[in-house]
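Below, all heavy atoms of this structure are taken into account, side chains as well, without hydrogens, waters or symmetry copies. Quick note on labels: first sequence line is chain A, next is B, and so on, each numbered from 1.
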Number of protein chains: 2
Amino acid sequence: MTRPRSFDEAAVLHDAMDAFRRSGFAGVSIKDLGDATGLTSGSIYNAFGDKEGLYRAAFGYYIDAVIRRRIETYVGEANDLNGLEQLFLSLLCAPESDEHGCLLTNAAVEFGAQPSVASQGLAEGFAVLEAAIRRVVEGQIGGGQVGLLVARLLLLYQGILVLIRAGQNISACPAVIRSEFEQLRKLLP
Amino acid sequence: MTRPRSFDEAAVLHDAMDAFRRSGFAGVSIKDLGDATGLTSGSIYNAFGDKEGLYRAAFGYYIDAVIRRRIETYVGEANDLNGLEQLFLSLLCAPESDEHGCLLTNAAVEFGAQPSVASQGLAEGFAVLEAAIRRVVEGQIGGGQVGLLVARLLLLYQGILVLIRAGQNISACPAVIRSEFEQLRKLLP
DNA sequence: TCAATTCTAGAATGATCATCTTAGAAAGAG
DNA sequence: CTCTTTCTAAGATGATCATTCTAGAATTGA
């Protein structure tokens, strides 16, 4: 009975994700989203309910297909500092560095802490990110300063994504990341 | 001939600045800005030309009344690490911590690197901030790693403002800032 | 006080917005 | 093949948007 979707949902969410990363939620219209995804407004409303529904779906897709995937790729099962360092260095490459920035960071700044269409995605995204960092720091270094070190890395992560989005000169970032992780390695037992 | 303005321009720009910090440029309407400032739309258009003109004026006000003032207050003529540390710690207090975030950071994320109504303010704001940090690092520490240290501090600055805006737990931030500056002090000649 | 000037208030305007409706196309079940 | 179901396409709708217009209030120089 239920007909299969006639469009590629992952591809649509990918395109919508890029549109939201580029222009934010308020800065993009249903028409823009139709142009970006190749769907008509009717199809969007039928498939996702409304603009907020599409945003939520695209945000969820971003968390899974970009953030979780990046963590698995670089940190994976090893949970070591080298992998986490590679993860940070990878931020300087696509897709975050493609001038659209990170949807998590962009949404955090656009919506802030108020309840919004982004609240759930923000909570999940920050939790996933912090958990991955904490897993590595706790497993490799431990001790009483885990909270401090995790906060340092989270701050660095967000700072990098702001500078990338702003188009600032990020040529010094690799050296900052490497010096940060060199410091952490000195704390290895 | 030219009558003085019948409203307090600084107060209006302050209110507009808060509205833009809260909701971004795309997320706030002329009606919202009228409600926030107490002006009618006619007065806004008469005084500032259009919504973009008011945004530019509010952004300029923010750079002068918040960023430059903060730098003068904490760094001033001394240009020492202690003052810069106090500046970073002050970010955790008002007005940035009032849940609206920093207009510079918010604009950087909303508009990105593309030419926009925020381009000039972004360039000026980042330049003012980086120059102040560089002045202290160069004067106090110097050496070949000035670029690296300035980048570290800029990244930390932006990271803090994202986490504040996102309403994340910032209780670890003071310790991160203090440890960062302790490290810098070890580099003092 | 009076006249010239410049402001403000509030309604008006046309564009764009998110959303809905309707008519019909496509796909699977029998 | 045909019927039922579910989709898409495209235009319609009412709200909201940025902006402008108009009438009149306020201020200052004389």
Side-chain angles (χ1 to χ4, degrees), chain A residues 1-59 103 106-107 110-111 114-119 121, chain B residues 1-59 107 110-111 114-119 121:
Chain A
M1 293 286 190
T2 48
R3 280 210 304 132
R5 192 145 272 164
S6 76
F7 59 80
D8 179 343
E9 180 163 347
V12 163
L13 290 180
H14 193 94
D15 291 339
M17 173 191 85
D18 279 345
F20 284 126
R21 288 202 301 132
R22 184 183 310 113
S23 310
F25 179 80
V28 81
S29 69
I30 291 284
K31 180 181 181 320
D32 295 333
L33 291 165
D35 293 346
T37 60
L39 300 181
T40 61
S41 68
S43 304
I44 290 174
Y45 278 87
N46 183 70
F48 300 101
D50 57 13
K51 186 182 171 186
E52 299 203 348
L54 177 54
Y55 186 82
R56 272 186 268 260
F59 205 157
L103 189 54
N106 294 5
E110 178 169 8
F111 294 101
Q114 309 302 328
S116 73
V117 62
S119 295
Chain B
M1 291 294 186
T2 48
R3 281 207 305 131
R5 194 144 271 164
S6 76
F7 58 81
D8 179 344
E9 181 163 345
V12 163
L13 290 179
H14 194 94
D15 292 338
M17 172 191 85
D18 279 344
F20 285 126
R21 287 203 301 132
R22 185 184 309 115
S23 310
F25 179 80
V28 82
S29 69
I30 290 285
K31 179 180 181 320
D32 295 333
L33 291 165
D35 293 347
T37 60
L39 300 181
T40 61
S41 68
S43 303
I44 291 174
Y45 278 87
N46 183 69
F48 300 101
D50 57 12
K51 185 182 171 186
E52 299 202 349
L54 177 54
Y55 186 82
R56 271 185 268 260
F59 205 158
E110 177 169 9
F111 294 100
Q114 309 301 328
S116 73
V117 61
S119 295

Residues passing the salt bridge (Lys or Arg N to Asp or Glu O under 4.0 Å) test with A/R56, sequence neighbours excluded, are A/E52
Output a table of donor-acceptor pairs, distance under 3.5 Å, between side-chain atoms of residues 7-14 of chain A and any protein atom two or more places apart or on a different chain; print 'none' if there are none.
residue	atom	partner	partner atom	Å
A/D8	OD1	A/A10	N	3.1
A/D8	OD1	A/A11	N	3.2
A/E9	OE1	A/R5	NH1	2.9
A/H14	ND1	A/Y61	OH	3.1

Hits for salt bridge (Lys or Arg N to Asp or Glu O under 4.0 Å) against A/D35, two or more places apart or cross-chain, chain-then-number order -> A/K31
Mind telling me whether B/Y55 and B/F25 have parallel, tilted or perpendicular rings, with 30° and 60° as the class edges? perpendicular
Quick tally for nucleotides 16-21 of chain C: nucleotides whose base has a protein heavy atom under 4.0 Å get B, sugar-phosphate-only ones S, the rest -, giving -SSBB-
Taken to the nearest whole Å, CG/B/L33 to P/D/dC17 is 11 Å
In whole angstroms, the gap separating C1' of C/dC7 from CD of B/E9 amounts to 14 Å
Sequence neighbours excluded, the answer for side chain to side chain donor-acceptor pair (under 3.5 Å) partners of B/N46 is none
Across all chains, not counting sequence neighbours, the side chain to side chain donor-acceptor pair (under 3.5 Å) partners of A/T40 are A/S43
Rounded to whole Å, the CG-P distance (A/L39 to D/dT8) equals 7 Å
Separation of C/dA25 atom P from A/N46 atom CG, nearest Å, is 18 Å
Practice item. Select base, sugar-phosphate, or nothing to describe what B/T40 touches, counting heavy atoms under 4.0 Å on all strands. Key: base
